[in-house]
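Every value quoted in this text rests on a predicted model; they were computed, and no experiment measured them. For ligands, and for the atoms within them, numbers begin at 1 and follow the listed sequence.
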Amino acid sequence: MRIRDLGEFDLIERISGRVKLSSRVVKGIGDDAAVLSYKKDKYLLFTSDMLVEGRHFCRRSGGYLIGKKSLSVNVSDIAAMGGIPLSAVISLGVPGSLGLKYADELYRGIRAVAKRFKIDLVGGDTVSSEKIIINIALLGEVEKKNLVLRSGARKGDLVFLTGAIGGSSKGRHLGFTPRLKEARFLAKNFRVHSMIDVSDGLLADLGHILESSRVRGAVIHEDDIPVSKAAKDFNSAVIEGEDFELVFTVSRDEAKTLMQSWPFKTRLSRIGEVCRAKGLYLVRKTGKKAKVGPLGYTHF
Ligand code: ADP
Ligand code: MG
């Protein structure tokens, strides 16, 4: 059997089934970041993401944007936990033939994101490789009371989405802003039951919430899901991935206050509801309801 036959998610499950964790670990594999014991009133968050040339970006997109993306994807994961980022280490695989200017631009992009979100760049590793590979590991912190996991969705919760989805392959995956201020606002002011950032695709990532929360299913409405102008169409937008928007659930009561007090330009949409029926359902514009099961971008 090859890795390709297993797929990304089953491979991760296989890994996580074989690790033993100490009591320092509050949440290990299975959320946007690991949650670790830290201070009396705070947890440490720890996440890592790798970008590989040809898979996640093309060299011709330019070092600056790729550098920005490499740190932004990690910030997005810390945001999805309700936390704030602190310090990062950057591991770089670079071909020896790569121009120095390109590496400078890559780091200019990383520094721009670090400055914006007050992240310290504190180390890393550099190796020679055929393709450009950037792996960033990011530490963050979150007040214990503000931690949001994927696993807290409850039946009857309403499902929300920030921004619009789709069009990541048309360049939106390089230019996005992690929804850190929105996530912090949510975590600090509302009882957010569950949250994830959209990297695998809206359907797949909502599927992750449902599965980790052990709720039966959800219904979402095509009419309520904003699709970016860059997206090919609705169907591709919900499975494409790399939108880095937030999907979260709150109770119906909480939702009312939230809608009234949302202070950002970033759009906030109520897209559906966690429900009794088993599976993920999409109500099309025609009114027809279809089971859409968690489908998404597979990395193999
Ligand atoms: P995200 O899209 O939010 O970055 P992923 O889908 O990459 O999350 O990963 C899901 C979970 O699996 C995370 O908790 C991540 O830390 C964990 N994970 C991914 N790859 C590995 C691996 N090779 N070994 C251990 N844990 C992993
Ligand atoms: Mg994530």
Contact atoms of ligand 1, heavy-atom distance to [X] under 4.0 Å:
{"X": "Asp32", "answer": "3 (O)"}
{"X": "Gly30", "answer": "11 (C), 13 (C), 14 (O)"}
{"X": "Ile29", "answer": "12 (O), 14 (O), 17 (C), 25 (C), 26 (N)"}
{"X": "Ile15", "answer": "22 (C), 23 (N), 24 (N), 25 (C)"}

Identity and separation of the nearest protein heavy atom to [atom]:
{"atom": "atom 15 (C) of ligand 1", "answer": "Asp31 O, 4.5 Å"}
{"atom": "atom 19 (C) of ligand 1", "answer": "Ile12 CD1, 3.4 Å"}
{"atom": "atom 2 (O) of ligand 1", "answer": "Ser199 OG, 2.7 Å"}
{"atom": "atom 4 (O) of ligand 1", "answer": "Asp77 OD2, 3.1 Å"}
{"atom": "atom 5 (P) of ligand 1", "answer": "Glu8 OE2, 4.5 Å"}

Discussion item. Ring centroids only, cut at 6.0 angstrom: are Phe176 and Phe244 within range, meaning strictly under it?
Written reply: yes
Discussion item. Counting the benzene-type ring for Trp, do Phe190 and Phe248 have ring centres under 6.0 Å apart?
Written reply: no
Worksheet item: Any idea which part of Asp49 is under 4.0 Å from ligand 1, heavy-atom wise: side chain, backbone, both or neither?
Response: side chain
Worksheet item: Above 12 or not: heavy atoms from other molecules or residues under 6.0 Å from NZ of Lys144?
Response: yes
Fill in: Sum of protein N, O or S atoms, each under 2.8 Å from the Mg ion (ligand 2)
3
Worksheet item: Under the 3.5 angstrom rule, does the side chain of His56 hit a backbone N or O of Val52 as a donor-acceptor pair?
Response: yes
Worksheet item: Does Arg270 make a cation-pi contact with Phe160, if we ask for NZ or CZ under 6.0 Å from the ring centre and within 45° of the axis?
Response: no
Worksheet item: Heavy-atom contact under 4.0 Å between Arg150 and ligand 1?
Response: yes
Quick one: do [X] and [Y] make a salt bridge, cutoff under 4.0 Å?
{"X": "Lys285", "Y": "Asp223", "value": "yes"}
{"X": "Glu141", "Y": "Lys42", "value": "yes"}
{"X": "Arg179", "Y": "Asp197", "value": "no"}

Worksheet item: Among all residues two or more places apart in sequence or in another chain, which pass the ring-ring contact (aromatic ring centres under 6.0 Å, His included) test with Phe117?
Response: none
Fill in: Residues forming a ring-ring contact (aromatic ring centres under 6.0 Å, His included) with Tyr102, sequence neighbours excluded
none
Discussion item. Is there a polar contact, in the sense of an N or O pair closer than 3.5 Å, between Ser48 and ligand 1?
Written reply: no
Item to complete: Can you tell me which residue pairs pass the ring-ring contact (aromatic ring centres under 6.0 Å, His included) test with a partner in residues 265-284, sequence neighbours excluded?
Response: none
Practice prompt. May I ask you to check whether Thr162 and Glu245 show a side-chain donor-acceptor distance below 3.5 Å?
Written response: yes
